[in-house]
Amino acid sequence: MKIVIVCYPTFGGSGVVATELGLYLVKNGYEIHFITYKQPVRIQNLTRGLHFHEVHVPSYDLFKYQPYELALSSKIVDVVKKYKIDMLHVHYAIPHAYAAYMGKKMLEDEGILIPMITTLHGTDITLVGSHPFYQKAVQFSINHSEFVTAVSQSLKDHTERIFDITNEIKVIPNFIDVEKIKFRSVPCEKGQIAPDDQMIITHISNFRPLKRIIDVLKTFKIVSEKLNVKLLMVGDGPEKERAMRYCRAHEMEDTVLFLGRSNQIDEILCFSDLFLLPSEQESFGLAALEAMVHGVPVICSDVGGLPEVIQNGFSGFLCSLGDVKEMAEKAIHILEDKDRLKLFKIQAFESSKKFDIQKVVSHYESLYKDAKQAYLG
Ligand code: GMT
């Protein structure tokens, strides 16, 4: 089957999920065509069956805003026709679902019928999509997709609460390639970052306000008063400056390292002992799952889809939003006892298996088959 995947090419979770899905499908014999404005960060080499089509938006003085959706829908039409594509799978509703719907309609005009699947990731619904300026268009695109999926039950419920949805939303959670991580050949080198007896706490995000990275620092500060720990802050974004100022003001510069955006997430997580994710909202929390597969327990806020990913008291702890004292207490509880830490690490890895790529992607594969059948008969 030949599938077009439309996604954001950046470090964000939706782009990572779309890219990993495409790469895995290629291994399973699919022909995958990514359409984005830049080559996705997780695609290093284009191999057989894997194509990338860049959307160019020519800049024109008349426009205050460049019409990306137009360029994207035209690109979808061109690619579908040229490569005889069977299916459109768009990740992140805005503006991808809207643009894909336009592409689909243009193709219909030429007698080409193509089904479309939209995968909702979170912020496309909870933050941006629900804004009155976008709501109608997002609702329209969801209702006109042949199939709609959400990455958690929480996101499905949220979507149904704020939109008038007329078709069924299927929950297909995010996934992780357990085998790939387990049998990776890259060495795990903690030595460059910290001495052996120092434990590593890690946070990875896009440092947007909803990630509450000051809570990460406050939690870490309490833990560091009791235990020998170092904090790795991986990522970049609008709150970084404030976070760095906080560290200067609280003399934490020796124990908190800002590593920037990184392509070496696996290399960092492999020697981490604990992961902090105190977000205000998280439809799934892919970064937490990436930590768990490396055997890293997670302390996070009890919001959105996080309780579907982290088993409280088993793979980590779910804490009240903003309660840094509680998060620090749970962190200390896990870290202060070597045997307990070992157990939590094993349990975190065990929990991650539920989201193994083989299990989860089979749901997408059945959906592709159903969509093709339902649409084309
Ligand atoms: O969390 C972000 O700010 C990035 C955002 C994105 O669109 O990539 O992440 C969303 O999608 C991820 C992949 O499905 C989920 O794991 C994240 O939980 C979700 N973020 C939010 O809901 C805030």
Side-chain angles (χ1 to χ4, degrees), residues 5-22 24 34 36-38 40-42 89-97 117-131 134 138 148-159 161-162 169-177 203-213 215-216 234-240 261 265 269 275-293 298 300-310 316 318 321 352 354-355 357 360-361 363-364:
I5 293 184
V6 181
C7 65
Y8 283 108
T10 50
F11 284 86
S14 69
V16 170
V17 169
T19 319
E20 294 291 342
L21 171 64
Y24 188 79
F34 284 101
T36 65
Y37 58 78
K38 208 173 75 191
V41 284
R42 290 221 176 167
H89 189 173
V90 300
H91 289 259
Y92 209 89
I94 304 171
H96 300 151
I117 295 174
T118 298
T119 292
L120 309 174
H121 281 273
T123 45
D124 46 354
I125 298 302
T126 53
L127 270 189
V128 199
S130 54
H131 193 286
Y134 298 118
V138 172
V148 183
T149 74
V151 298
S152 64
Q153 182 64 40
S154 154
L155 180 60
K156 173 183 159 126
D157 296 344
H158 199 129
T159 310
R161 256 194 326 273
I162 58 177
I169 300 177
K170 290 180 194 298
V171 176
I172 302 185
N174 288 334
F175 49 81
I176 196 92
D177 194 335
H203 169 80
I204 304 174
S205 78
N206 51 23
F207 291 13
R208 287 191 299 119
L210 75 69
K211 301 292 173 180
R212 298 181 70 102
I213 62 173
D215 282 2
V216 173
V234 185
D236 205 346
E239 292 285 279
K240 186 174 178 182
R261 287 199 184 104
I265 299 303
L269 287 171
F275 191 81
L276 292 180
L277 194 63
S279 308
E280 194 174 300
Q281 174 59 33
E282 209 64 70
S283 68
F284 184 87
L286 184 65
L289 177 59
E290 290 184 319
M292 282 157 57
V293 76
V298 177
C300 62
S301 38
D302 190 5
V303 298
L306 288 172
E308 295 170 50
V309 182
I310 290 102
L318 298 160
L321 176 63
S352 75
K354 184 176 155 202
F355 301 98
I357 194 161
V360 178
V361 171
H363 295 296
Y364 279 120

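Both ligands and their constituent atoms are indexed starting at 1 by order of listing.
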### Task
Applying salt bridge (charged side-chain N to carboxylate O under 4.0 Å, His left out) between Lys211 and each of Glu282, Glu280, Glu239, report the one that passes.
Glu282
### Task
Could you check Val309, Val360, Val17, Val16 and say which one makes a side chain to side chain contact (heavy atoms under 4.5 Å, CB included) with Asn174?
Val17
Considering only the protein, which heavy-atom contact is closest to [atom], and what is its distance?
atom: atom 3 (O) of ligand 1; answer: Arg208 NH2, 2.3 Å
atom: atom 10 (C) of ligand 1; answer: His121 O, 3.4 Å
atom: atom 9 (O) of ligand 1; answer: Gly13 N, 4.3 Å
atom: atom 8 (O) of ligand 1; answer: Ser14 N, 2.7 Å
atom: atom 23 (C) of ligand 1; answer: Gln281 O, 3.4 Å
atom: atom 22 (O) of ligand 1; answer: Ser283 N, 2.8 Å
atom: atom 17 (C) of ligand 1; answer: Glu282 OE2, 3.3 Å

Check each atom of ligand 1 against the heavy atoms of [X] and keep those under 4.0 Å away; list them by number with element.
X: Gly285; result: 15 (C), 16 (O), 17 (C), 18 (O)
X: Asn174; result: 13 (C), 14 (O), 16 (O)
X: Lys211; result: 1 (O), 2 (C), 3 (O)
X: Leu286; result: 16 (O)
X: Val151; result: 14 (O)
X: Thr123; result: 5 (C), 7 (O), 21 (C), 23 (C)
X: Leu210; result: 23 (C)
X: Tyr92; result: 7 (O)

### Task
Enter the distance from Met292:CE to Ile176:CD1 here, rounded to the nearest 0.5 Å.
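Reported value, rounded in 0.5 Å steps: 9.5 Å.
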### Query
So how far is it from His96 NE2 to Thr36 OG1, rounded to the nearest 0.5 Å?
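Reported value, rounded in 0.5 Å steps: 8.5 Å.
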### Query
When you measure from the side chain of Glu290 to the backbone N and O of Ile265, does any donor-acceptor pair fall under 3.5 Å?
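Judged by distance alone, no pair lies under 3.5 Å.
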### Message
Students often mix this up, so state it plainly: with edges at 30° and 60°, are the rings of Tyr8 and Tyr37 parallel, tilted or perpendicular?
### Response
perpendicular
### Query
With under 30° as parallel and over 60° as perpendicular, where do the rings of Phe275 and His203 fit, or are they tilted in between?
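Parallel.
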### Message
If I apply the N/O under 3.5 Å rule, does Asn206 come out as touching ligand 1?
### Response
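So ligand 1 has an N or O lying under 3.5 Å from an N or O of Asn206.
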### Query
Any N or O on Phe284 sitting closer than 3.5 Å to an N or O of ligand 1?
yes
### Task
Check whether the side chains of Ser283 and His121 place a donor and an acceptor atom closer than 3.5 Å, and report yes or no.
no
### Message
Can you see whether Ser301 engages Ser279 through a side-chain donor-acceptor pair at a distance of less than 3.5 angstrom?
### Response
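There is no such pair between these side chains.
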### Task
Flag the pair Tyr364 / Tyr24 as yes when their ring centroid distance falls below 6.0 Å, and as no otherwise.
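No, the ring centres sit 6.0 Å or more apart.
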### Query
Where on Tyr8 is there a heavy atom closer than 4.0 Å to ligand 1, on the side chain, on the backbone, on both, or on neither?
neither
#### Entry: Within 6.0 angstrom of Tyr134 OH, more than 12 heavy atoms from elsewhere
no
